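This structure is in C-alpha cells; I'll ask about it shortly.
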Amino acid sequence: MNAQQAIDIEKIVASFTEQDNEAIYAEVEALDKKVPLHAFTAMIKPYLPADTDAEVLELGTDSTEYQELASAAIWDCLTELVKRQRAAEIYRRSHQFDEVA
C-alpha cells in the first residue's frame, strides 16, 4: 500500500456513517469475545522486567483495574484494525476496475 492509498483509506474511515459504525461495533464485539485477557498478558509479559515476580504478575492481572484496562486496550485496538479493514475493502471495491482500464 502506498502513501496515497493509506491517506484515501483514512478518509474513508473519517467518513463512516452510523451504519458503518454499527457494523464495526458488531464485528469488534464478536472478535473481542475471542481474545482472552491472558493473551494480552502473554503479549506484554516478555517486555516486563526479567525479575518480575510471577505472583506479583498474577496479583496484577487479578485486579479489576488491570482487567478493565486490558479489555479496553483490546477493544480499542480491534476497533482501529476493523475500521481500516472495512475502509480497505471499500477502497478496493471502488478501485477494482481502475487496473482493468
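Because the structure is a prediction, the values reported are computed rather than measured.
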Checklist entry - In terms of hydrophobic clusters joined by side-chain contacts under 4.5 Å, are L37 and V28 together? => result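 Yes, it is one cluster - the side chains of L37 and V28 are joined through contacts under 4.5 Å.
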Item to check | Separation between CD of E89 and OG of S94, rounded to the nearest 0.5 Å | outcome: 12.0 Å
Item to check | Side-chain donor-acceptor contact under 3.5 Å, T79 with D76 | outcome: no
Item to check | K33/E29 salt bridge by N-O under 4.0 Å criterion | outcome: no
Item to check | Minimum side-chain heavy-atom gap L31-I74 below 4.5 Å | outcome: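 The answer is no, as the side chains (C-beta and beyond) never meet within the 4.5 Å cut-off.
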Next on the checklist: Are M1 and V13 linked, directly or through intermediate hydrophobic residues, by side-chain heavy-atom contacts shorter than 4.5 Å (ILVMFWY only)?
Outcome noted: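 Shared cluster, yes.
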Checklist entry - With distance as the sole test, does Q5 use its side chain to make a donor-acceptor pair with the main-chain N or O of N2 at under 3.5 Å? => result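 Answer holds: yes.
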Ignoring hydrogens and angles, write down the donor-acceptor pairs under 3.5 Å from the side chains of residues 53-62, residues two or more places apart or on other chains.
residue: D53; atom: OD1; partner: E55; partner atom: N; Å: 2.8
residue: T61; atom: OG1; partner: L57; partner atom: O; Å: 3.1
residue: T61; atom: OG1; partner: E58; partner atom: O; Å: 3.1

Item to check | Sidechain-backbone polar pair: S71 side chain, Q67 backbone, donor-acceptor under 3.5 Å | outcome: yes
Item to check | Atom of F40, atom of A73 and distance for their closest heavy-atom approach | outcome: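 Answer, listing the atom of F40 first, then A73: CE1-CB, 4.0 Å.
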Checklist entry - Counting heavy atoms not belonging to Q4, are there more than 12 under 6.0 Å from its CD? => result yes
Checklist entry - Are R86 and E27 ion-paired here, with the side-chain N under 4.0 Å from a carboxylate O? => result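 Salt bridge: no.
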Item to check | ring pair (Phe, Tyr, Trp, His ring centres under 6.0 Å) contacts touching residues 58-94 (sequence neighbours left out) | outcome: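 Applying ring pair (Phe, Tyr, Trp, His ring centres under 6.0 Å) to every pair that reaches into residues 58-94, excluding sequence neighbours, yields Y25-W75, Y91-H95.
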Item to check | Step-by-step salt bridge (Lys or Arg N to Asp or Glu O under 4.0 Å) determination, K83 to E80 | outcome: CA-CA 5 Å; K83 282 180 181 180; E80 292 307 310; 3.6 Å; yes
Checklist entry - Is I12 close to R84 at the side-chain level, that is, under 4.5 Å between some pair of heavy atoms? => result no
Item to check | Rounded distance [0.5 Å steps], CG in D32 versus SG in C77 | outcome: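 If we round to the nearest 0.5 Å, D32:CG and C77:SG are 11.0 Å apart.
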Item to check | Under 3.5 Å: donor-acceptor pair, side chain of D20, backbone of T17 | outcome: yes
